[in-house]
Structures are given as C-alpha cells and as structure tokens.
*Asks:* 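Sharing a structure with you now.
Side chains are part of it too, since the values below use all heavy atoms of this structure and drop only hydrogens, waters and symmetry mates.
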Amino acid sequence: LLLRKDLSRAVCRLYETRKINSRALHEVSELFTMSDESEFSGLHVSTARLDHVYDGDSYWLWVDLGFRTWVKEKFRLVGADAPEIRRSSSHVVTEDEKKWGLETKELVDSLLRAQLDNSFRAKSVKKTKYDYGINILLTRDENGLELTPVKLSRYLIARGYAVPYHGEKKQEWEIRKAIQEAARAI
C-alpha cells in the first residue's frame, strides 16, 4: 500500500509538471490494483519458452501450438516501451539509454528464465507492423519467488524499466527517463 501511494505521488508530480500525459498518468496509477491472471484464460493462451531476449520489449519465443508442435517467433511486448539498446533508422541511442536498455534486457531474461520449468503463459494479442504483440504472465520474480500473477509489461513499468506505450508517438528519452526514475525512487 505504501509503495502504491508513493508511486501515485511521484507520477502526479510528473503530470503536474507536464512531463507525462493523462493517459500515462491513468495507466501508471493502476499498476498495482489487481492480478492479471483473469486475462490469461480461454482461447489464444499458449505455453511459451524463451529462446532469447532482443531488448526489454522484444523477444524470440518458442510457442506451443499443441500436439507437440512448437514454433519459434519474434514477439513485441504489448503495453510497454523499454529503453533501446541499438540504433534504428529513426532513433539515435544515447549511452544512458543503452545502459538502461541492457539492464532491462538482463532483468527480462532472468524473469522469464525464473518461471516454473522455464515456461510461462503467453497470450498473442495482435499482429503489429513488424511482429506479433504479446502479453506474458509472470508467476515468479527474477529470484524464482512466487508473485501475485502479473503481466510482464505491468511489472516492468512499476519498477521503472519501461513506460506505458500503446502505439502513439514515442516520448522523448528525457521524459521517459524522468518517468522511470520516479518509479525507481519509490
């Protein structure tokens, strides 16, 4: 409860100084409100295993299609944007961002490998421009300790390793860094 109040205060300060918009404010303030397990029932939920982490929000996964059939596919995490580690045609990566991106990549790798039997529930959400969107349900933290089931995107945002993202124009690195630092300061 204390963590939730502190995060809420930090995010409100960012909103008041116009460093984040109202949608991001709403999403961040809801980070600790409920378990995400109910979203991971029914159709389109698969068991997946990590092949490798490209960066904090892009992964190569082996997905169980049933009948002992597995397929390797690239996925992008839905609902979160993590710092980049490589330059793209439209984005130059600063040393700060690269350092943070490598830290996030390492955390995600350890989180996904810490899940029971190295497998986790994944729900394919939509096909994006480049790859498939995915939600991943965590039941253990990076040390293998049990968690209240939570989406990976929510976990990363709450700990300052990513910012909320739903396809809109990406925020500048300095704004993203301020949001992440506020979450980490708690």
*Asks:* For the backbone of Asn143 and the side chain of Asp141, can you confirm whether one donor and one acceptor N or O come within less than 3.5 Å of each other?
*Replies:* yes
*Asks:* Output the distance between atom CG (Leu152) and atom CG (Leu111), rounded to the nearest 0.5 Å.
*Replies:*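 Separation between the atoms: 6.5 Å.
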*Asks:* Kindly work out whether a path of hydrophobic side-chain contacts (I/L/V/M/F/W/Y, heavy atoms less than 4.5 Å apart) joins Leu65 to Leu50.
*Replies:*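 Per the 4.5 Å side-chain linkage, Leu65 and Leu50 are co-clustered.
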*Asks:* Is there side-chain contact between Leu138 and Leu112, with heavy atoms separated by less than 4.5 Å?
*Replies:* yes
*Asks:* For Glu106, check side chain to side chain contact (heavy atoms under 4.5 Å, CB included) against everything at least two apart and list the hits.
*Replies:*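 With neighbours one apart ignored, the set is empty.
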*Asks:* One thing to verify: whether Arg113 and Asp109 come together as a salt bridge, which I'm taking to mean a side-chain N less than 4.0 angstrom from a carboxylate O.
*Replies:*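 Yes, charged N to carboxylate O under 4.0 Å.
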*Asks:* Do Leu137 and Phe120 make a side-chain contact, defined as non-hydrogen atoms from C-beta onward lying under 4.5 Å apart?
*Replies:*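 They are not in contact (no side-chain heavy atoms under 4.5 Å apart), so the answer is no.
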*Asks:* How long is the straight-line distance from CD of Glu97 back to CG of Leu102, given to the nearest 0.5 Å?
*Replies:*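 If I round to the nearest 0.5 Å, the distance is 10.5 Å.
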*Asks:* What heavy-atom pair brings Ala80 and Ala162 nearest, and what distance separates the two atoms?
*Replies:* CB-CB, 4.0 Å
*Asks:* I'd like to check Arg159 versus Thr104 (side-chain heavy atoms, cut-off strictly below 4.5 Å). Are they in contact?
*Replies:* no
*Asks:* Of all the heavy-atom pairs spanning Gly79 and Ile157, show the shortest one and how long it is.
*Replies:* O-CD1, 3.5 Å
*Asks:* Hey, any chance Leu61 and Val71 share a hydrophobic cluster, counting ILVMFWY side chains that come within less than 4.5 Å of each other, even indirectly?
*Replies:*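 Yes, because Leu61 and Val71 connect within a single hydrophobic cluster, where side-chain heavy atoms sit under 4.5 Å apart.
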*Asks:* Salt-bridge test for Lys98 and Asp55: reply yes if a basic N is under 4.0 Å from a carboxylate O, no otherwise.
*Replies:* no
*Asks:* Nearest 0.5 Å please: distance from the CZ atom of Arg49 over to the CD atom of Gln115.
*Replies:* 12.0 Å
*Asks:* Are Tyr161 and Val93 joined in one hydrophobic group, where the rule is that I, L, V, M, F, W and Y side chains link up if heavy atoms are under 4.5 Å apart?
*Replies:*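 Result: no, two separate clusters.
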*Asks:* Measure the OG-NE2 distance between Ser58 and His52 for me, rounded to the nearest 0.5 Å.
*Replies:*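 Rounded to the nearest 0.5 Å, the OG-NE2 separation comes to 9.5 Å.
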*Asks:* Using a 4.5 Å cut-off on heavy atoms from C-beta on, say whether the side chain of Arg140 contacts that of Leu145.
*Replies:* no
*Asks:* I need the Asp51 CG to Trp60 CH2 distance, nearest 0.5 Å.
*Replies:* 8.5 Å
*Asks:* Do Leu147 and Leu77 land in one hydrophobic cluster if side-chain heavy atoms of ILVMFWY residues count as linked below 4.5 Å?
*Replies:* yes
*Asks:* Using side-chain heavy atoms (C-beta onward) and a distance below 4.5 Å, is Leu156 in contact with Leu107?
*Replies:* yes
*Asks:* Kindly give the heavy-atom pair with the smallest separation between Tyr155 and Glu142, and that separation in Å.
*Replies:*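 In terms of heavy atoms, the two residues are closest at OH-OE1, 2.8 Å.
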*Asks:* Taking the six-membered ring of Tyr54 (Phe, Tyr or Trp), confirm whether the NZ or CZ of Arg86 is under 6.0 Å from its centre and within 45° of its axis.
*Replies:* yes
*Asks:* Please report the shortest heavy-atom distance between Gly160 and Trp100, naming the atom on each side.
*Replies:* O-NE1, 3.7 Å
*Asks:* Please check if Val108 and Ile85 belong to a single hydrophobic cluster, counting links between Ile, Leu, Val, Met, Phe, Trp and Tyr side chain heavy atoms closer than 4.5 Å.
*Replies:*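 Not linked; separate clusters.
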*Asks:* Which pair of heavy atoms, one from Asp57 and one from Tyr59, lies closest together, and at what distance?
*Replies:*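 Heavy atoms of Asp57 and Tyr59 come nearest at CA-OH, 3.5 Å.
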*Asks:* Measure across Thr47 and Ser119 and return the closest heavy-atom pair with its distance rounded to 0.1 Å.
*Replies:*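 For Thr47 and Ser119, the tightest heavy-atom pair comes out as CG2-CB, 3.8 Å.
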*Asks:* Can you confirm whether Lys151 sits close enough to Ile136 that some side-chain heavy atom of one is under 4.5 Å from a side-chain heavy atom of the other?
*Replies:* no
